[in-house]
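Input: a single structure, listed below in structure tokens.
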Amino acid sequence: MDIQFEQLLPALGARQALCKSVLPELLGCIADIAYALRKSDHVALAGTANAFGDDQLNVDVVAENLLRASLSRCPAVATASSEEDPAERPVNPATSPEPSEEYTVAFDPLDGSSIIGPNWTVGTIIGIWDGPSALRQPPAEKMVAAVLGVYGPRTTAFVAVRLPGFEPVCLEIAMGIDGVRSSTIIRPAVRLAEPPFKTRYFAPANLRAAAECPSYMRLIAHFVNSKYTLRYSGGLVPDLVHALVKGHGVYVSPVTATSRAKLRRLYELCPVALVIECAGGRAIDPATGEDVLAQPLESCDDRAGLLCGTSSEVNLARDFLIGASFRG
Ligand SMILES: *[C@@H]1O[C@H](CO)[C@@H](O)[C@H](O)[C@H]1NC(C)=O
């Protein structure tokens with residue numbers, strides 16, 4: 001791995017294991033997953049279901065196994081859980097009774113199963129939490145880093161780090177191809193832009209819900225009437241990365257009376273919220289208006305909707321969905 005995280009991020013000086021082992025290992029794993037996807041001529045059902053009852057694809061299993069193998073090479077990772085195996089379990093035996101750095105890693109190995117068949121861009125979502133568990137902890141303090149792997153024509157990764165007492169950082173890294181574990185920083189400070197915006201982008205997830213949710217329909221009409229540009233693939237990672245790269249965007253995945261909350265807080269919402277916040281944006285629960293990272297997780301299966309991206313757009317969309325009387 002050619003990136004010297006501790007030089008790049010002064011905050012990491014006190015986190016030797018995070019910058020010399022956990023982050024480089026996870027980035028290397030993203031290169032490995034990209035290579036495995038390139039070599040997978042067929043994307044097929046593995047014939048199994050994960051604990052949530054979702055069908056597993058052969059590539060889900062490959063990505064899960066590669067990440068598990070990576071984590072077993074990181075002594076500071078005490079526990080891990082994933083969308084494919086959603087229970088926090090020990091990864092490495094504690095090496096000392098009071099380790100100076102101890103993490104739990106929660107990940108969605110391959111997000112975007114429904115669009116991988118047509119070879120659209122998919123991603124990996126990883127959250128790194130201080131201590132041996134992510135549950136019943138304040139996410140805004142305890143989740144210290146998040147990584148998004150992006151598997152498209154190119155392989156890139158977004159790394160966000162937020163440690164107490166230091167400026168949050170978000171950077172974009174280009175990964176080597178064909179299994180080469182090399183990496184190059186292509187954007188040292190990923191930032192969403194401030195107004196005025198040249199082009200405004202919107203990503204309306206679960207658009208069908210607008211048929212029975214008048215407030216969502218009014219929000220969509222507002223985007224269309226105000227000449228926002230539609231950028232939506234159905235992959236959470238590429239849809240958010242679009243905003244991060246273009247410097248503007250609002251992603252809306254509302255929960256309505258007839259469409260249940262689908263996104264998992266531990267494996268999807270919390271890590272993407274950290275990345276968006278470290279890039280200067282906002283991520284809230286569209287049902288309550290609360291920050292995604294405000295509420296502790298009760299279980300590995302907590303779910304919610306998502307409204308995130310450029311802060312002023314998130315506030316505007318929130319007013320449409322929750323009502324202008326709400327100010328949070
Ligand atoms: C999928 O797309 C990538 C480029 O994004 C390409 O290299 C690869 O060959 C494609 N795979 C298949 C099976 O078409």
Side-chain angles (χ1 to χ4, degrees), residues 1-3 24-50 54-70 82-84 107-126 146-160 170-187 190 199 201-205 229-249 251 267-268 271-272 275-276 279 309:
M1 218 11 73
D2 6 52
I3 294 178
E25 188 57 59
L26 289 173
L27 287 173
C29 189
I30 283 166
D32 295 348
I33 294 172
Y35 186 47
L37 290 176
R38 268 303 135 77
K39 288 188 301 181
S40 301
D41 289 335
H42 297 285
V43 173
L45 290 178
T48 49
N50 66 21
D54 306 328
D55 287 331
Q56 278 179 313
L57 299 173
N58 55 351
V59 282
D60 291 335
V61 177
V62 167
E64 166 83 12
N65 292 343
L66 286 169
L67 275 158
R68 295 275 173 183
S70 275
S82 79
E83 188 159 80
E84 301 301 321
F107 60 93
D108 180 355
L110 203 58
D111 189 81
S113 303
S114 62
I115 52 170
I116 195 166
N119 205 13
W120 287 19
T121 297
V122 293
T124 292
I125 305 174
I126 305 170
V147 178
L148 303 180
V150 195
Y151 313 112
R154 295 182 299 139
T155 303
T156 60
F158 287 75
V159 178
C170 180
L171 39 108
E172 186 189 3
I173 295 165
M175 307 302 302
I177 52 163
D178 294 346
V180 179
R181 280 186 159 212
S182 73
S183 53
T184 313
I185 295 173
I186 48 180
R187 217 181 295 262
V190 175
T199 310
Y201 300 96
F202 75 115
T229 297
L230 173 70
R231 285 291 180 269
Y232 181 69
S233 74
L236 181 60
V237 171
D239 285 334
L240 297 182
V241 162
H242 186 275
L244 294 170
V245 170
K246 297 293 177 122
H248 179 280
Y251 181 97
Y267 306 116
E268 297 167 306
V272 304
V275 173
I276 294 287

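Whatever order the structure lists ligands and atoms in, that order sets their numbers, starting from 1.
Proximity of Leu26 to Leu67: side-chain heavy atoms (C-beta onward) are separated by under 4.5 Å at one or more points. Contact of the Thr199 side chain with the Lys246 side chain is not registered, since no non-hydrogen atoms from C-beta on lie closer than 4.5 Å.
Below 30°, between 30° and 60°, or above 60°: for Tyr232 and Tyr251 the angle between ring planes is between 30° and 60°, a tilted geometry.
Ligand 1 lies under 4.0 Å from heavy atoms of Arg38, Asn119, Gly152, Pro153.
Taking all atoms of both residues into account, the shortest heavy-atom contact from Arg38 to Pro153 is NH2-O, 3.6 Å. For Leu148 against Val237, the heavy-atom pair with the smallest separation is CB-CG1, 4.4 Å.
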Enumerate, atom names and distances included, each donor-acceptor pair closer than 3.5 Å involving a side-chain atom of residues 108-118, sequence neighbours excluded.
none

